[in-house]
Colleague: 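Right, I'll just put the structure down here and ask away after.
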Number of protein chains: 2
Amino acid sequence: MLMQSDASGYDIKQQFEKLFSYFYNASYGTIYPTLSRMEREGLITKENLVQTGKPNKNIYTITEKGKEAFRRYLESDIQEVEIKSDFMTRLYFGGLAEPELVHRWLESTIRSTEQSLARLQAEYEVSQPRISPTQLLCLKIGMTNMENILKNLQEGLAQLSRMKEEGAGPA
Amino acid sequence: MLMQSDASGYDIKQQFEKLFSYFYNASYGTIYPTLSRMEREGLITKENLVQTGKPNKNIYTITEKGKEAFRRYLESDIQEVEIKSDFMTRLYFGGLAEPELVHRWLESTIRSTEQSLARLQAEYEVSQPRISPTQLLCLKIGMTNMENILKNLQEGLAQLSRMKEEGAGPA
DNA sequence: ACTCTCATGTAATGGGTTACATGATTTA
DNA sequence: TAAATCATGTAACCCATTACATGAGAGT
């Protein structure tokens with residue numbers, strides 16, 4: 001992020017909270033110690049910004065050495081994606097749960113996915129004119145991905161409902 | 001997994017390696033200590049199976065107390081999905097990299113996604129008749145999801161190629 | 001009066017991987 | 001003869017979160 005603009009630990013966390021969190025995230029407990037370490041290693045420099053009405057900020061700026069490290073990162077191998085989905089894990093073992101319960105899982109996941117999608121779409125509307133083509137691609141991947149998941153979940157819900165009716169219906 | 005059938009640590013790892021790994025994974029360094037802990041806590045019992053030609057196995061079986069713990073888990077809140085995608089992170093900062101490099105990232109991600117999709121489709125073909133409806137739904141979500149990502153990546157690649165040509169073409 | 005935003009940082013704790021250690025049998 | 005499969009387990013290490021500690025100003 002410091003390649004794009006100088007920022008404080010707080011600013012960085014804010015960026016994570018937006019679109020970024022859909023594919024990477026970090027807490028303050030990671031961000032602040034990492035910035036300290038990077039400063040010690042000469043990858044970034046710190047400058048204290050005195051603010052009135054607000055607490056002071058530590059603004060970090062990337063150094064030439066830091067830019068080199070970033071370039072080396074870009075040329076390293078891509079790490080495999082890591083996913084931990086409690087919902088999918090439960091769904092996998094859904095046959096061992098009450099159909100009622102599975103129903104509720106699907107409904108609540110549909111709701112939260114709809115909310116995430118809405119947030120991404122809002123982000124898309126405001127950011128669309130001023131972000132880079134690859135950032136736009138990130139947003140597009142995120143949005144169509146969620147739309148797709150939603151469709152699947154809704155179909156799955158309808159299917160399970162049909163099965164429940166058949167099971168509960170007259171013999 | 002022990003709710004479905006008795007298994008050894010090795011068997012459990014095998015299951016993770018299949019379909020399961022798309023939404024959850026664990027290494028032996030997690031599996032074996034966890035099984036020991038669960039046995040200590042009375043959630044599962046261990047039985048040594050003597051094999052000829054192969055090393056002996058520790059077969060674990062879930063206890064009534066373990067089944068209760070599983071039921072409590074099913075009724076607990078669903079944890080939010082966690083994703084760490086190096087590819088998406090790079091793509092987000094793709095504007096800071098050579099277009100050549102971004103091109104290669106997209107191509108290699110397309111290749112590996114195609115492979116994952118092929119593996120899921122193969123798994124679907126063989127498993128389809130004998131797995132539960134929710135497990136089928138898991139597979140379907142995984143497959144259409146990857147198909148969707150592939151489509152996005154291919155479109156993105158085409159788009160970036162067009163931009164490169166325009167940028168490199170005659171003024 | 002209360003809560004939220006801004007802002008930084010550390011300590012305790014938890015969770016997990018990787019590498020190491022071992023070893024027989026089967027397959028290429 | 002090399003390597004892959006089957007099989008278990010521990011120790012060192014890494015990474016990260018959560019909770020704690022602090023504190024002013026702005027909004028409800």
Side-chain angles (χ1 to χ4, degrees), chain A residues 1-2 5-18 20-41 43-61 69 73 76-77 79-86 89, chain B residues 1-2 5-18 20-41 43-61 69 73 76-77 79-86 89:
Chain A
M1 288 180 194
L2 296 181
S5 70
D6 297 352
S8 67
Y10 193 84
D11 296 334
I12 288 171
K13 179 69 180 155
Q14 302 262 297
Q15 273 212 55
F16 270 119
E17 227 85 285
K18 285 183 180 237
F20 217 87
S21 65
Y22 292 105
F23 46 86
Y24 224 98
N25 214 338
S27 63
Y28 287 125
T30 303
I31 293 168
Y32 287 122
T34 300
L35 287 170
S36 300
R37 202 207 65 217
M38 288 173 78
E39 197 202 353
R40 258 195 338 270
E41 290 173 355
L43 302 171
I44 56 178
T45 55
K46 178 165 79 177
E47 222 179 318
N48 196 263
L49 180 73
V50 178
Q51 298 185 124
T52 49
K54 290 184 201 172
N56 296 347
K57 267 186 178 189
N58 291 329
I59 302 286
Y60 291 93
T61 307
Y73 160 66
S76 69
D77 288 341
Q79 299 300 297
E80 258 187 46
V81 62
E82 268 172 63
I83 299 174
K84 297 246 146 165
S85 171
D86 186 25
T89 303
Chain B
M1 288 179 193
L2 296 180
S5 70
D6 297 352
S8 65
Y10 193 83
D11 297 334
I12 288 171
K13 178 68 180 157
Q14 302 261 296
Q15 272 212 57
F16 271 120
E17 228 85 287
K18 286 182 183 240
F20 217 88
S21 65
Y22 292 106
F23 46 85
Y24 224 99
N25 215 338
S27 63
Y28 287 124
T30 303
I31 294 169
Y32 287 121
T34 301
L35 287 169
S36 300
R37 201 206 67 218
M38 289 174 77
E39 196 201 355
R40 257 194 340 266
E41 290 172 356
L43 302 171
I44 56 180
T45 55
K46 178 164 79 175
E47 222 181 316
N48 196 263
L49 180 72
V50 179
Q51 297 186 125
T52 49
K54 289 183 200 174
N56 296 347
K57 268 185 179 191
N58 292 329
I59 302 286
Y60 290 93
T61 307
Y73 160 65
S76 68
D77 289 341
Q79 298 302 296
E80 258 189 47
V81 62
E82 270 173 61
I83 299 175
K84 298 245 147 165
S85 171
D86 186 26
T89 304

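In what follows, chains carry the letters A, B, and so on, assigned in the order in which the sequence lines appear, proteins first and then strands, with residues in each chain numbered from 1.
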Colleague: Would a distance-only check, ignoring hydrogens and angles, find a side-chain to backbone donor-acceptor pair under 3.5 Å from A/Lys84 to B/Asn25?
Modeller: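 Present.
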
Colleague: Among the candidates C/dC6, C/dG23, C/dG16, find the nucleotide nearest to the side-chain atoms of B/Tyr24.
Modeller: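 Selected nucleotide (nearest to the side chain): C/dG16.
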
Colleague: Output yes when at least one side-chain N/O atom of B/Lys57 is less than 4.0 Å from OP1 or OP2 of D/dA7, else no.
Modeller: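 For D/dA7, OP1 or OP2 has a side-chain N or O of B/Lys57 closer than 4.0 Å.
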
Colleague: Hey, which of these two, A/Pro33 or A/Asn56, hits DNA chain C nearer its 5' end, going by closest nucleotide?
Modeller: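 Closer to the 5' end of DNA chain C: A/Asn56.
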
Colleague: Does C/dT8 have OP1 or OP2 sitting under 4.0 Å from an N or O in the side chain of A/Asn48?
Modeller: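 No, because none of the side-chain N or O atoms of A/Asn48 sits under 4.0 Å from OP1 or OP2 of C/dT8.
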
Colleague: Consider the side chain of B/Tyr32, meaning its heavy atoms from C-beta on, and name the nucleotide among C/dT10, D/dG9, C/dG9 that approaches it most closely.
Modeller: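 Nucleotide nearest to B/Tyr32's side chain: D/dG9.
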
Colleague: Starting at atom CD1 of B/Ile59, determine the distance to atom P of D/dA7, rounded to an integer number of angstrom.
Modeller: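 Rounded to whole Å, this separation is 8 Å.
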
Colleague: Quick one: which of C/dT17, D/dT8, C/dC6 gets closest to the side chain of A/Gln51?
Modeller: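 Closest of the options to the side chain of A/Gln51: C/dC6.
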
Colleague: Looking at every strand, decide which applies to A/Ser36 at a 4.0 Å heavy-atom threshold: base, sugar-phosphate, or nothing.
Modeller: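 Since no nucleic acid heavy atom lies under 4.0 Å of A/Ser36, the category is nothing.
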
Colleague: May I have the distance from A/Asn25 (atom CG) to D/dT18 (atom C1'), rounded to whole angstrom?
Modeller: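 Checked: the CG to C1' distance equals 14 Å.
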
Colleague: Which whole-number value in Å describes the distance from A/Ile31 CD1 to C/dA7 C1'?
Modeller: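 Between C1' of C/dA7 and CD1 of A/Ile31: 12 Å.
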
Colleague: Is the ring pair A/Tyr24/A/Phe16 parallel, tilted or perpendicular, if the boundaries are 30 and 60 degrees?
Modeller: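 It falls in the tilted class, 30° to 60°.
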
Colleague: For B/Lys54 and for B/Lys46, locate the closest nucleotide of DNA chain D by heavy-atom distance; then report the residue assigned to the nucleotide nearer the 5' terminus.
Modeller: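 Looking at DNA chain D, the more 5' nearest nucleotide goes with B/Lys54.
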
Colleague: For B/Tyr28 and D/dA7, what is the distance between atoms OH and C1' respectively, to the nearest whole Å?
Modeller: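 The distance from OH of B/Tyr28 to C1' of D/dA7 comes to 8 Å, rounded to the nearest Å.
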
Colleague: Is the phosphate of D/dC15 approached by A/Thr30 (side-chain N or O, under 4.0 Å from OP1 or OP2)?
Modeller: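 For D/dC15, neither OP1 nor OP2 has a side-chain N or O of A/Thr30 closer than 4.0 Å.
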
Colleague: Figure out the CZ/C1' separation between B/Phe16 and D/dA7, and round it to whole Å.
Modeller: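 It works out to 17 Å between those atoms.
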
Colleague: Rounded to the nearest Å, what distance is computed from the CD atom of residue A/Glu47 to the P atom of nucleotide C/dT8?
Modeller: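 It is 14 Å, rounded to the nearest whole Å.
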
Colleague: A/Asp86 side chain to B/Gln79 main-chain N or O, any donor-acceptor pair under 3.5 Å?
Modeller: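 Yes, A/Asp86 side chain to B/Gln79 backbone: donor-acceptor pair under 3.5 Å.
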
Colleague: Taking only the side-chain nitrogens and oxygens of A/Asn58, find out if one of them lies under 4.0 Å from OP1 or OP2 of C/dG9.
Modeller: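 For C/dG9, OP1 or OP2 has a side-chain N or O of A/Asn58 closer than 4.0 Å.
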
Colleague: Would you call the rings of B/Phe23 and B/Phe20 parallel, tilted or perpendicular, where under 30° means parallel and over 60° means perpendicular?
Modeller: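 Because their plane-to-plane angle lies in the 30° to 60° range, the rings of B/Phe23 and B/Phe20 count as tilted.
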
Colleague: A/Tyr10 has a side chain; which of D/dT8, C/dG16, C/dC6 sits nearest to it?
Modeller: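 Output: C/dC6.
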
Colleague: Can you see if the side chain of A/Ser8 gets near the phosphate of C/dT8 - specifically, an N or O under 4.0 Å from OP1 or OP2?
Modeller: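 Yes, within the criterion.
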
Colleague: Are the side chain of A/Thr30 and the backbone of A/Ala26 linked by a donor-acceptor contact shorter than 3.5 Å?
Modeller: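 Between the backbone of A/Ala26 and the side chain of A/Thr30 there is no qualifying donor-acceptor contact (under 3.5 Å).
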
Colleague: Any chance the side chains of B/Thr61 and B/Asp6 put a donor and an acceptor closer than 3.5 Å?
Modeller: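 There is such a pair (donor and acceptor under 3.5 Å, judged by atom type) between the side chains of B/Thr61 and B/Asp6.
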
Colleague: Grab the CD-P distance between B/Glu82 and D/dC15 for me, whole Å please.
Modeller: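 Spelled out: CD on B/Glu82 to P on D/dC15 is 16 Å.
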
Colleague: Counting any heavy atom closer than 4.0 Å, what does A/Gly53 reach on the DNA or RNA strands: base, sugar-phosphate only, or nothing?
Modeller: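 The answer is sugar-phosphate, as A/Gly53 gets under 4.0 Å only of primed atoms, P, OP1 or OP2.
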
Colleague: Please give, in whole Å, the distance from C/dG14 C1' to B/Arg37 CZ?
Modeller: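 In whole Å, C/dG14 C1' and B/Arg37 CZ are 12 Å from each other.
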
